[in-house]
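These numbers were taken from a predicted model, which means no experiment stands behind them.
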Amino acid sequence: MRAAFGATVMVCAVTAALPGAASAEPMTVPGVASDSGAGVERISVATDGTQGDGDSAGATITSDGRRIAFSSSAKNLTPANPVTWERVFVRDQLTGQTTLMSTNTPPIQRPVISGDGQYVALWGLLFRDTKVFLSQVSSGSTIGINCAGLSCSQPSLSADGRYIAQVATFNRPPSRQRIEVRDWRADTTQTVAEFDHTVSARPSISGDGRFVAYQDGQAEDVFVWDRTDGTSSGPIEGPSKAATLVQISRDGSKVVYLSGSDTYIHDENSGTDQLVPNVRGVAIDPTGRYLLYAPHDMNGPSLTLRDLETGTDEIVSNQPASAGTDAVSAGGRDVVFHSTADDIVPGDTNGKSDVFIRRFY
């Protein structure tokens, strides 16, 4: 089916190209913070600063920290959002604009924004199956992405949005899966790995689309696939322990995984692992230097950012808060998270989960 752009669509194939990417021009918005200065700001607000009337969560941020994608059930973040189900929005920190991404399906999990901020991918329901959708931020138009199976899921985007790592599942009920990389512009697909089970594979792609980290959820092993020769290496944690993938850094240099109660940062160049004990790794910045983690000790901060080179920590949130992959901008300058706490910023009176950004510069 041919995809139409400039309107809301739900399709089963991609046979057309999205319009050329465009960047919004800077503007000054009263009451909206500029892109300088440390502190915390609420992101899940309308362009005029109105707080959302529904829950917002699942934020991801671009490498430069300018744009944040998140999902929300709020109906008042943009004028054209009369529906009651959860939708995906993009907040531009430079212009202060909040934009609705056009799709008729609610996201199953958090959206993913490309490193350059031009595209947002989401995983949504399509009749009895699921599909990956790709939205262009400048136009808001959305297309469906091909995959080999009945359902497509768990998307991860390259920095320019061209390559999408995703999971295709086969048969009904699902009995096997394939991890693949889709180049939607060239209309080609490469197979990364295949499993005779459907335990989560969670692919994570590097910024240039060359590497894909993924897990065999049944064997509890983590691997890294290289596009240049089409082969996988691993398990990177070794043969003697179980591991769960968190994320590969956008530069492809580091892979974060969990094992037991600890977090490990695997260096792809040296093959060595750095241990961060008794914490749950959440995300790594695009350069592979800064780790966002959640301490297991509930008496301290809920989210902390660690400089892996110096071993120093910065508190992201003392209040209960959550975050996911792609939540840290390059150099650890910005971290996005969500929380139901009403005392993170002044004027939070909506009683809802909100998305926030903490800046460290």
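- Placement of Phe211 and Val192 in two distinct hydrophobic clusters is found when ILVMFWY residues are connected by side-chain heavy-atom separations under 4.5 Å, directly or transitively.
- Between the Arg289 side chain and the Arg306 main chain, no donor and acceptor come within less than 3.5 Å of each other.
- In this structure a side-chain-to-backbone donor-acceptor pair under 3.5 Å is missing from Arg87 to Ser73.
- Ring orientation note: the planes of Tyr214 and Phe195 are tilted relative to one another, at an angle of 30° to 60°.
- Residues Val132 and Leu150 are members of separate hydrophobic clusters, defined by side-chain heavy-atom contacts under 4.5 angstrom among Ile, Leu, Val, Met, Phe, Trp and Tyr.
- Note that the OH atom of Tyr257 and the NE2 atom of His266 stand 7.5 Å from one another [nearest 0.5 Å].
- Judged by distance alone, with hydrogens and angles left aside, the side-chain atoms of Asp285 form a donor-acceptor pair with the main-chain N or O of Gly288 at under 3.5 Å.
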Problem - Candidate pair Asp262 and Leu275, rule side-chain contact (heavy atoms from CB on, under 4.5 Å), full reasoning - result: CA-CA 7 Å; Asp262 303 323; Leu275 168 65; 3.6 Å; yes

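- With hydrogens and angles ignored, the 3.5 Å screen pairs no side-chain donor or acceptor of Ser302 with any backbone N or O of Asn318.
- The backbone N or O of Thr325 sits less than 3.5 Å from a side-chain atom of Arg110, completing a donor-acceptor pair.
- When atom types are taken as modelled, the side chain of Ser206 and the backbone of Arg250 share no donor-acceptor pair closer than 3.5 angstrom.
- Taking a 6.0 Å sphere around CZ of Arg128, one finds it holds 12 or fewer heavy atoms contributed by other residues, nucleotides or ligands.
- Atom-to-atom distance recorded for Thr244:OG1 and Arg280:CZ is 11.5 Å, nearest 0.5 angstrom.
- What you find for Val279 and Pro295 is that their closest heavy atoms are CG1-CA, 4.2 Å.
- For the residue pair Ser249 and Pro286, the shortest heavy atom distance occurs at CB-O, 3.9 Å.
- Under the 4.5 Å side-chain heavy-atom criterion for grouping Ile, Leu, Val, Met, Phe, Trp and Tyr, Ile179 is not connected to Leu245 through any hydrophobic cluster.
- Ser204 places no side-chain N or O within donor-acceptor distance of the main-chain N or O of Ala213, the cut-off being under 3.5 Å.
- At least one donor-acceptor pair under 3.5 Å links the side chain of Asn76 to the backbone N or O of Asp53.
- The minimum heavy-atom distance linking Ile344 with Val40 is given by the pair CG2-CG1, 3.5 Å.
- The CD atom of Gln51 sits 10.5 Å away from the CG atom of Leu77 when rounded to the nearest 0.5 Å.
- Side chain of Asp334 to main chain of Ser329: no donor-acceptor pair is present (N/O by atom type, distance under 3.5 Å, no hydrogens or angles).
- Criterion: ILVMFWY side-chain heavy atoms under 4.5 Å apart, direct or through other members. Under it, Phe356 and Val45 are not part of a common hydrophobic cluster.
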**Asked** Would Gln118 and Gln136 satisfy side chain to side chain donor-acceptor pair (under 3.5 Å), going step by step from the backbone distance to the final call?
**Response** CA-CA 6 Å; Gln118 299 298 333; Gln136 186 182 48; 5.9 Å; no

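- Atoms OG and CG, on Ser153 and Asp129 in that order, are 11.0 Å from each other to the nearest 0.5 Å.
- Gly161 and Ser114 get closest at one heavy-atom pair: N-CB, 3.8 Å.
- Under the side-chain contact (heavy atoms from CB on, under 4.5 Å) rule, Leu134 has a single partner from Val112, Val120, Leu157, Thr142, which is Leu157.
- The side chain to side chain donor-acceptor pair (under 3.5 Å) contacts involving residues 155-165 comprise Ser158-Asp160, Arg162-Asp183, where partners must be two or more places apart or lie in separate chains.
- Without hydrogens or angle criteria, Ser151 side chain to Thr169 main chain gives no donor-acceptor distance under 3.5 Å.
- Comment: Asp92 engages Arg67 in a salt bridge, judged by a side-chain N to carboxylate O separation of less than 4.0 angstrom.
- When Val255, Val328, Leu308, Asp326 are each tested for a side-chain contact (heavy atoms from CB on, under 4.5 Å) with Ile284, only one passes: Leu308.
- Using modelled atom types, one finds no donor on one side chain facing an acceptor on the other under 3.5 Å when comparing Gln274 with Asp267.
- With values rounded to the nearest 0.5 angstrom, Leu303 atom CG is found 9.0 Å from Ser339 atom OG.
- Annotation: the span from Phe133 atom CZ to Ile164 atom CD1 amounts to 11.5 Å, rounded to 0.5 Å.
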